[in-house]
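Data first, discussion second: the structure below is written as structure tokens.
Side chains are part of it too, since the values below use all heavy atoms of this structure and drop only hydrogens, waters and symmetry mates.
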2 protein chains.
Amino acid sequence: MPKQVDHEQRRRLLAEAVFAVIGTRGFEAVSLRDVAVQAGVSMGTVQYYFPTKHQMLLFALGHMRQRVLTRMQATLAALDSPTRRDVIRAATAVMLPVDEPGREEACVNIAFFSAATVTPEYAQQLRDGYERILTVSTANLREAARLGELRDGIDPDREAPALYFLTQGLVGPILIGLYQPAEAMSLIDDHLDRLFR
Amino acid sequence: MPKQVDHEQRRRLLAEAVFAVIGTRGFEAVSLRDVAVQAGVSMGTVQYYFPTKHQMLLFALGHMRQRVLTRMQATLAALDSPTRRDVIRAATAVMLPVDEPGREEACVNIAFFSAATVTPEYAQQLRDGYERILTVSTANLREAARLGELRDGIDPDREAPALYFLTQGLVGPILIGLYQPAEAMSLIDDHLDRLFR
DNA sequence: TCCTTTTTCATGCACTCGCATGATAACGAG
DNA sequence: CTCGTTATCATGCGAGTGCATGAAAAAGGA
């Protein structure tokens with residue numbers, strides 16, 4: 001049993017390199033050579049861990065989903081005795097490209113979204129991610145409703161998707177520099193004002 | 001003066017071919033050869049009208065913006081004595097990928113959005129488009145407010161962007177098959193219910 | 001120490017890309 | 001018809017692509 005290497009960790013390292021390339025030069029610029037250079041390894045190593053480029057990108061997409069969730073959990077855990085509204089607001093902010101890792105994730109996300117229109121496997125991954133986040137978000141709003149924190153006539157099961165899609169709709173404009181993150185958050189806050197007492 | 005050809009029309013024809021390629025094989029699959037085949041001309045002809053691939057894509061982006069606006073105007077003009085709410089609802093529906101041309105436009109749009117994260121010229125075009133549509137949308141809502149059709153406490157200048165970004169956030173999920181167009185429109189209608197009396 | 005397995009690397013290959021070039025075809029003015 | 005401009009095309013080139021191959025290096029067990 002020679003030389004033990006954590007394959008999964010190695011793949012994650014390469015996936016991060018993929019993110020960097022997508023974030024700086026775009027999705028179509030992703031080549032095995034670029035990824036190798038970015039990761040500081042040879043091209044052969046990339047091939048060793050990913051038999052094909054498509055599998056590499058698919059893994060990278062999955063890793064990005066997990067990275068977003070991890071960052072969200074860390075952000076929420078850092079909140080000091082937050083209200084239900086604080087939680088929802090912070091979770092929303094994580095999905096917006098407000099800082100550099102958020103921006104990179106948003107670039108990667110939109111790139112895969114574009115690719116998903118012609119690559120069903122990407123679309124499946126993205127659907128999974130959407131449904132997971134929507135489930136959590138809905139549960140949060142339902143809990144807020146149960147605690148009586150929402151205004152009268154607010155249906156958590158309809159408002160959760162609406163809030164989420166509004167958030168998603170803000171990602172693009174922020175990315176292209178049309179909206180400032182602060183403006184976007186102001187818009188989100190207005191929306192939350194309407195939901196919460 | 002030999003052989004008169006409408007260059008602008010020729011470019012639009014090629015732009016439509018670009019759309020078709022993006023819609024069926026994706027943005028990264030766009031090559032001069034594919035566009036030429038799709039348009040039924042030789043590769044040299046594509047080069048004749050566009051000195052470089054980048055200029056071709058830039059023109060295609062501009063043409064797409066105009067196509068969306070044209071389709072929107074046609075849709076609105078076809079409405080029979082519409083209320084202000086009908087106009088806003090129809091304009092929103094045009095931006096969602098509910099039919100085939102709408103889907104193609106959405107695919108093209110998201111592809112350029114992704115590319116815009118690393119190509120400032122695309123970002124500029126997209127910002128222009130956003131601002132134009134937002135201006136019209138805001139004007140519509142203001143007019144509705146002036147006519148007293150909105151509920152109390154509804155600010156057109158804040159609700160117009162919110163409605164627009166909600167719409168944009170719905171495009172992706174529809175494209176990847178997570179949401180049905182009917183569900184999306186139901187969500188939009190809920191939102192309009194909140195705005196209008 | 002040597003040996004076997006795992007990991008890394010350098011190189012080659014067939015293919016496609018964007019772009020350049022020169023020839024060919026179409027068409028209106030004289 | 002003839003000519004000259006415009007439009008279209010076929011072909012070639014260097015560069016870069018994903019992937020395959022075989023060799024070199026690394027490292028724990030004997």
Side-chain angles (χ1 to χ4, degrees), chain A residues 1-61 108 111-112 114-115 118-119 121-122, chain B residues 1-61 108 111-112 114-115 118-119 121-122:
Chain A
M1 277 258 189
K3 202 179 187 180
Q4 50 191 17
V5 172
D6 186 340
H7 277 227
E8 203 65 14
Q9 177 182 335
R10 216 73 171 145
R11 291 199 185 95
R12 285 194 291 266
L13 180 93
L14 293 173
E16 294 286 336
V18 171
F19 296 165
V21 174
I22 292 180
T24 56
R25 263 163 295 171
F27 188 80
E28 50 182 349
V30 174
S31 72
L32 298 184
R33 287 165 180 83
D34 287 345
V35 172
V37 170
Q38 181 72 38
V41 299
S42 77
M43 205 185 88
T45 299
V46 178
Q47 293 182 270
Y48 180 70
Y49 289 101
F50 295 111
T52 173
K53 179 185 179 183
H54 178 255
Q55 292 188 36
M56 178 185 74
L57 292 174
L58 203 56
F59 179 91
L61 174 54
V108 173
F112 276 106
S114 174
V118 290
T119 307
E121 291 166 278
Y122 297 158
Chain B
M1 278 260 187
K3 203 178 188 181
Q4 51 190 17
V5 172
D6 186 339
H7 278 225
E8 204 64 15
Q9 176 182 334
R10 216 71 171 150
R11 291 198 186 96
R12 285 193 291 266
L13 180 94
L14 294 173
E16 294 285 335
V18 171
F19 297 164
V21 173
I22 292 180
T24 57
R25 263 163 296 171
F27 188 80
E28 50 183 348
V30 173
S31 71
L32 298 184
R33 288 166 179 82
D34 287 344
V35 172
V37 169
Q38 181 71 38
V41 299
S42 77
M43 205 184 89
T45 298
V46 178
Q47 293 182 272
Y48 181 71
Y49 288 102
F50 296 111
T52 174
K53 180 186 179 182
H54 178 255
Q55 292 188 36
M56 178 184 74
L57 291 174
L58 203 56
F59 179 91
L61 174 55
V108 173
F112 276 106
S114 174
V118 290
T119 307
E121 290 166 277
Y122 297 158

Under 4.0 angstrom between Y48(B) side-chain N/O and dT8(D) OP1 or OP2: no
Sugar-phosphate only, base, or nothing, as touched by H7(A) at under 4.0 Å among non-hydrogen atoms: sugar-phosphate
Pair of N/O donor and acceptor under 3.5 Å linking dG18(C) base with R33(B) side chain: yes
Closest-nucleotide ordering on DNA chain C, the 5'-leading residue of T52(B) and D6(A): D6(A)
Distance, rounded to the nearest Å, where E8(B) contributes CD and dA7(D) contributes P: 13 Å
Whole-Å gap separating C1' (dA7(D)) and CG (L14(B)): 13 Å
Result of checking L58(B), V18(B), L32(B) against K53(B) for side chain to side chain contact (heavy atoms under 4.5 Å, CB included): L32(B)
Separation of atom CZ in R25(A) from atom P in dG16(D), rounded to whole Å: 13 Å
Sugar-phosphate, base or nothing in reach of Y49(B), heavy atoms under 4.0 Å: sugar-phosphate
Ring centres under 6.0 angstrom apart (F27(A), F27(B)): no
Nearest-angstrom distance from the residue atom CD of Q47(A) to P of dA20(D): 8 Å
Sugar-phosphate, base or nothing in reach of V35(A), heavy atoms under 4.0 Å: nothing
Distance (rounded to the nearest 0.5 Å) between R11(B) CZ and Q55(B) CD: 9.0 Å
Touch class at under 4.0 angstrom, heavy-atom based, for V46(A) against every strand present: nothing
N or O in side chain of T45(B) less than 4.0 angstrom from dA7(D) OP1/OP2: no
Options dT8(D), dT17(D), dC19(C), nucleotide nearest the side-chain atoms of L32(B): dC19(C)
For atom NZ of K53(B) and atom C1' of dG16(D), their distance in whole Å: 13 Å
Rounded distance in Å - CE (M56(B)) to P (dC17(C)): 12 Å
Shortest side-chain distance from M43(A), nucleotide among dT8(C), dT11(C), dT8(D): dT11(C)
dT8(C) phosphate, OP1 or OP2, under 4.0 Å from R10(A) side-chain N/O: yes
Euclidean distance, S31(B) OG relative to R25(B) CZ, rounded to 0.5 Å: 8.0 Å
Atom pair OH/CZ of Y49(A) and F59(A) - distance to nearest 0.5 Å: 12.0 Å
Side chain of S42(A) (C-beta onward), nearest among dT6(D), dA10(C), dA20(D): dA10(C)
